[in-house]
Structure formats: C-alpha cells, structure tokens
Amino acid sequence: MNNLDHRIKEYFKAPESKRKEEFINSLAPSEISFARFVISQAGYIRKLTWILFSLVIVGIAAVPFILDSSVIWFVSGLMPLLALLMVSESNRSIRYKMAEIESATRFSLRSVLLARMVLMGTVNLVAIVIAIPVSTHFGDYSAVASGLYIVTPFLVAASAGLYIVRVMKGNTALYSVAAVSLFISLFMFLSRDRFTSIFIKDAVKYWGLIALLALVAMVKQTAMLIKNTEEITWNW
Amino acid sequence: MLDLQEQYDKIYRYCYFKLYNQELAEDITQETFLKYLEHYEFTSSETTLKYLYTIARNLCIDEYRKQKPVSTEDIAEMPHEDNIIDNLSIKAAISKLSEEDRELLLLRYANDVGIGAMAAIYNISRFAVRRKILAARKRLEEELRKEDAYE
C-alpha cells in the first residue's frame, strides 16, 4: 500500500463502536433441527390448503366405496389437484413475501420455501402411498401400472406448474397453473373411455419414461424456483 | 465466509462517514444487519456485501433527509481519530471531494471492498468501478496538491 492509500485508510478511522459486542451477542440463534423447522411451517400454510389436501386424500381413500369401477381414473384425476395446491401455496409465499412476515426473522425466504415444499411434498407422498394400493386392489392393473397412472399426472402437473410460476407473475401464473392442472385431471377422468390405447400393457414403459422425465423436470424447476427467490426478494 | 464482527465494523464505518454521528451510525448499522438477517443467513461474499451496503446506504439516505445537510466545513471539522492523523491536509482534501468520491475511497481503501463487490453494489461493470476509483483518487491528489501548496 503506498503512502496515499495509507493516508486515506487512516483518515477513514471511525470512533470505536460502543454497542457492537452487545448487538452481536444478541444475534446468537438457538439451535433448531431441520425437521422441527419444517413442521413449524405447517402453521403458515393456509388452513384452506390443508382442508383441500385432506379432502383429496379422503376422496382417494373413499372412492372405491363410492364408485364400483373407474377407481384408478378418478384417483389419478385427483392427483394434479394436489400438485395445484402445492404449487399455488409455494407461489403465494413468494408473491406476497409471506415468508418474510410470518417466519422467525432468522430464516431466509429460500429456507422457508424449501421447508414448505418438503412439508407439502410429504403430504402428497402420503396421498400417493394411499392411492396406489387402493387403486391396485379395486382396479384391473398391476401395482406398477397403477402407480405410474397415479404418479405421472401428478409429476407432469407439478413440473409444469413450477415452471409457470417461475416464468410468469401475478394472477396470470396462478390461473395458468390451475388451467394446466385441470386439463390433466380432465384428461385422466375421460381417458378411460376415450383413449384406451394408452393404457395397454405395452404402453406402461412409456408411462414410466414420462414419469421419469417429469420427475427430473420437477426437481429442476424446484431448484430453480428456490434459487430465484433471492432475486425476487430484493428489488431495490 | 464473511466474519460478522469484521463486517459490522466496516458497515459502522460506512454509516459513520455518511452521517457523521456515532449514535446514528450504530443504530443504522444494527438495523442494516437486522434487515439483512431477516431474509438471509450470513453466507456468500459478494452478494452479502451488496445487500449490506445497499441496505445501509438506503437507511443512511432516509436518515440524512431528516437531518440538516452536513457542509464541507462541518466535515473537515468532524472529530475522528486524528490523534493518529496529524496531517490536516488529507482531512481538508477529502472534505472537498463529492459524496460519491468519498464513498468510493472509503469502500475501496478503508473497507477493502473488492472491485467485483463494488461493481455489484453500484450495479456497474468492474471497468466502470476501476475508472471511478482512479478518477476519485486523481481528484484527491489534486486537492492535496492545493492543500500542500497552502501549507
């Protein structure tokens, strides 16, 4: 450092801070496990979302007792609605910056969003775990085929929805996600009678391929959405 | 990973030389870190610096608007660690620089903020940052020549 650099540095010496230690000590966070943190986010997800989740899951479990056939088509038609709930709730957290108001101040929006998606993903997994044996037992397809017919619409709806909320803003995003989910649901409801060829045994491998691609897309979109939350928050 | 204590000192220094008031500088420094920690954990380097200085600057601007403007003479007369500096010409020269030049010199030479981080803070290219720093330094040298000529 030359003489002028040194003189500049010397000039910019401020009086010693009187309250630094006290402030920094007050920031020391208490320990919290990730599991506890995830569970703590349950209270910040809207009650309506939880009610709708519950209704869908109950619907899945109850459908064999209501319909004498078409169980799997009804169940797989419900799965995109679960994806819609998950995506719309995640979008709400970002759009209205609810996380920064609702959460403890020491957690980033990114952490909160990830925790909420883990929580809702777990609920969706419960729904899938219920749906597959129910559909297999009351249907005409193998467990693998039933699983694919249930999981694939969910994954396609979720990956498309996450992409939409990442690239679109505002209500347009939400309406678009709803439209995509409802389209997929409707397709599954009607497909039994209209598109029977896609449910033959030989087509199962294509369902598997679509499910795999949709899974990869969903994971990628989730990662990009969470990464983008940092930029969304700070608009100076 | 940035050291919290070190960055506290730097942000405090930044705020002090914006407002020339120790109590206010402490308040705004703490508010800066609280606002930052509301959304982020203390992790990445350039991004953290960008956000910290941006928050601090905005808070200082808000506070500055509430106060009466600090004149060039006031800045030259402000008390700071001149038991170490007994070179009055540097004080007088820096006080004659623009707010922007003082900020550039403080960030670069006193707070050791890197060119990349400064580019992120100002949202300009690294080349533009280097150019501005060189220009500020040149203006300081000219003022110093004038001050030394009077001594």
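Worth knowing before you read on, the calculation uses all heavy atoms, side chains too, and leaves out hydrogens, waters and symmetry mates. Order of the sequence lines fixes the chain letters, A, B, ..., with proteins taken first and strands second; residue numbering starts at 1 for each chain.
- Of the options B:Lys138, B:Lys96, B:Arg139, a side-chain hydrogen bond (donor to acceptor under 3.5 Å, both in side chains) to B:Asp101 is made by B:Arg139 and by none of the others.
- Interface remark: B:Glu141 contributes side-chain atoms only to the contact with chain A (heavy atom separation under 4.5 Å).
- Between A:Leu27 and B:Leu4 there is a side-chain heavy-atom pair separated by less than 4.5 Å.
- The parts of B:Gln30 that come within reach of chain A are both its backbone and its side chain, each placing non-hydrogen atoms under 4.5 angstrom from that chain.
- By number of non-hydrogen pairs under 4.5 angstrom with chain A, the leading residue of B:Arg137, B:Arg13, B:Glu23, B:Arg108 is B:Arg137.
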> Should B:Glu63 and B:Lys18 be marked as a salt bridge (charged side-chain N to carboxylate O under 4.0 Å, His left out) after you check the CA-CA gap, both sets of side-chain angles, and the distance that decides it?
Replying inline: CA-CA 10 Å; B:Glu63 190 56 44; B:Lys18 281 280 189 194; over 6 Å; no
> Should B:Glu38 and B:Lys35 be marked as a salt bridge (charged side-chain N to carboxylate O under 4.0 Å, His left out) after you check the CA-CA gap, both sets of side-chain angles, and the distance that decides it?
Replying inline: CA-CA 5 Å; B:Glu38 261 182 53; B:Lys35 279 188 179 292; 5.5 Å; no
